[in-house]
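Treat the numbers as computed from the prediction; the structure is a model and nothing was measured.
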Amino acid sequence: MKYRRVGTTDVEVSEIGFGCWTMGGPNWSRGTPVGWGDVNEDEVAAGIKVGLDAGVNHFDNADAYGNGRAERMLARVLQRLGVKSESLVIATKVGHFAGTAEHAYEPAHIRHQLEQSLINLRRDYVDIYYFHHGHFGEGDRYLAGAVEAMNTLVREGKVRMAGLSAYSEDDFERLVPVIQPKVLQSWAHALDDHFIRPGSRVDRLMERHGLSFVAFSPLAQGRLLDKFDPERPPVFEPGDHRGSSDQFKREALAALKPKLERLKQRFGSTTEDLAAVALNYVLSHPRVCSAIPGFRNERQARCNVAAASRKWTAEDGAFVRASMG
């Protein structure tokens, strides 16, 4: 496992981290599925042990993942494995779980959620605390107060650094100069790398501000592993957000199939082969400090960390880019 520095800080994260969204299991927000299928904690523990043994030191969580379930499960598993969580880089987020607040970015709510996340994670601080999205109310009415609350938490030592997760270039460009985060996070994978592509708007923004990027969904939520048959599209459990996504429908899976065949011909056809391709493609982008695939069990964790031992060339990256276009 190799490690990369987060922005201009002295914090180093494993190139392959573990995303904890799946650990939250099924979940809904205002009636809309926002979770995953249910998970077994023993299987999750086996997966986390595989990651730790391979050198994974970066775990990415959020208050909204199972409404705290994923944070609590991570803490229980680490304690069960005898691992001091302070030896790891643990991130969590605020923004998608408003509780009784009018808006999740109310300053009092940010503090409350951070304190609850610390209880859930059994820690005195979090290494990275992300604003989970870029919507700070009409006219950014909550932005100034939210930034002040975050900066106060950093000064108090309860947060080592602020991060910003967002879903559009406009949000990143508007918010980075105000929030001054150390790291950005959003999706990035071989089917859509527009945030991290060299010369892109966000890439230039990161260059100006000395920022790194944490890439979630590097496997495109499993679609890049050729695990879904377009003739028999997957049926997901209630509470799994993928059930409402067109990307898992017959037409999208059928369009993806020939692209994956090209990858298999060059790199190999096993799940490990395809995972290594997907992860190394994302990690080949110079501003990415860590890719954070999800996992449910030991098998998936082993696929994730296997990418660390694979060689990768610029020609490989160009081939993937051309194949996925």
Handout entry: For H58, the option from I16, V214, D127, L88 that meets side chain to side chain contact (heavy atoms under 4.5 Å, CB included)
Key = V214

Handout entry: ILVMFWY network linking V11 to L283, side-chain heavy atoms under 4.5 angstrom
Key = yes

Exercise for the section: Please answer: with hydrophobic residues joined when any side-chain heavy atoms are less than 4.5 Å apart, are L175 and I128 in the same cluster? Expected result: yes

Problem - Nearest heavy atoms of A307 and A276, plus distance in Å - result: CB-CA, 3.6 Å

Exercise for the section: Following the transitive rule for hydrophobic clusters with a side-chain heavy-atom cut-off under 4.5 Å over Ile, Leu, Val, Met, Phe, Trp and Tyr, establish whether Y142 and L164 coincide in one cluster. Expected result: yes

Fill in the blank from the handout: For C289 and V13 the tightest heavy-atom approach is O-CG2, 3.7 Å

Handout entry: NZ/NE/NH1/NH2 to OD/OE distance under 4.0 Å, K257 and D229
Key = no

Exercise for the section: Could you grab the distance from atom CG of L184 to atom CZ of R287, nearest 0.5 Å is fine? Expected result: 10.0 Å

Exercise for the section: Return yes when atom CD of E237 has more than 12 non-hydrogen atoms of other residues, nucleotides or ligands closer than 6.0 Å, and no otherwise. Expected result: yes

Exercise for the section: Would you give the length of the straight line joining atom CG of D226 to atom CG of L263, rounded to the nearest 0.5 angstrom? Expected result: 9.5 Å

Completion exercise
d(R223 CZ, L253 CG) to nearest 0.5 Å is 8.0 Å

Problem - Between H109 and F97, ring centroids under 6.0 Å - result: no

Handout entry: Over-ring placement of R123 relative to Y125, 6.0 Å and 45° cut-offs
Key = yes

Handout entry: Gap between atom CG of L219 and atom NE2 of H189 - 0.5 Å precision
Key = 9.5 Å

Problem - Distance-only side-chain donor-acceptor flag, Q300 / N304, under 3.5 Å - result: no

Handout entry: Crowding at NZ, K49 (>12 non-hydrogen neighbours, <6.0 Å)
Key = no

Practice task
Applying side-chain hydrogen bond (donor to acceptor under 3.5 Å, both in side chains), run through Q79 and R122 and close with a yes or a no.
Solution key: CA-CA 9 Å; Q79 184 175 58; R122 303 180 187 179; 2.4 Å; yes

Exercise for the section: Begin with the C-alpha distance, continue with both residues' side-chain angles, and end with the deciding distance and a verdict on side-chain hydrogen bond (donor to acceptor under 3.5 Å, both in side chains) for T313 and D316. Expected result: CA-CA 5 Å; T313 67; D316 291 333; 3.2 Å; yes

Problem - Intermediate values then yes/no, side chain to side chain contact (heavy atoms under 4.5 Å, CB included), M150 and I179 - result: CA-CA 9 Å; M150 178 70 78; I179 296 171; 5.8 Å; no

Problem - Step-by-step side-chain hydrogen bond (donor to acceptor under 3.5 Å, both in side chains) determination, S245 to R242 - result: CA-CA 5 Å; S245 171; R242 293 174 295 176; over 6 Å; no

Exercise for the section: Verify the neighbour count for atom NE2 of H112: are there more than 12 heavy atoms of other residues, nucleotides or ligands below 6.0 Å? Expected result: no

Problem - Y65 with W28, same ILVMFWY side-chain cluster at under 4.5 Å - result: no

Exercise for the section: To the nearest 0.5 angstrom, please state how far the CE atom of M23 sits from the CZ atom of R296. Expected result: 11.5 Å

Practice task
Salt-bridge test for R204 and E207: reply yes if a basic N is under 4.0 Å from a carboxylate O, no otherwise.
Solution key: no

Practice task
Find the distance between CE (M73) and CD (E41) and round it off to the nearest 0.5 Å.
Solution key: 4.5 Å

Handout entry: Of V288, I292, D193, the residue whose pairing with V282 passes side chain to side chain contact (heavy atoms under 4.5 Å, CB included)
Key = V288

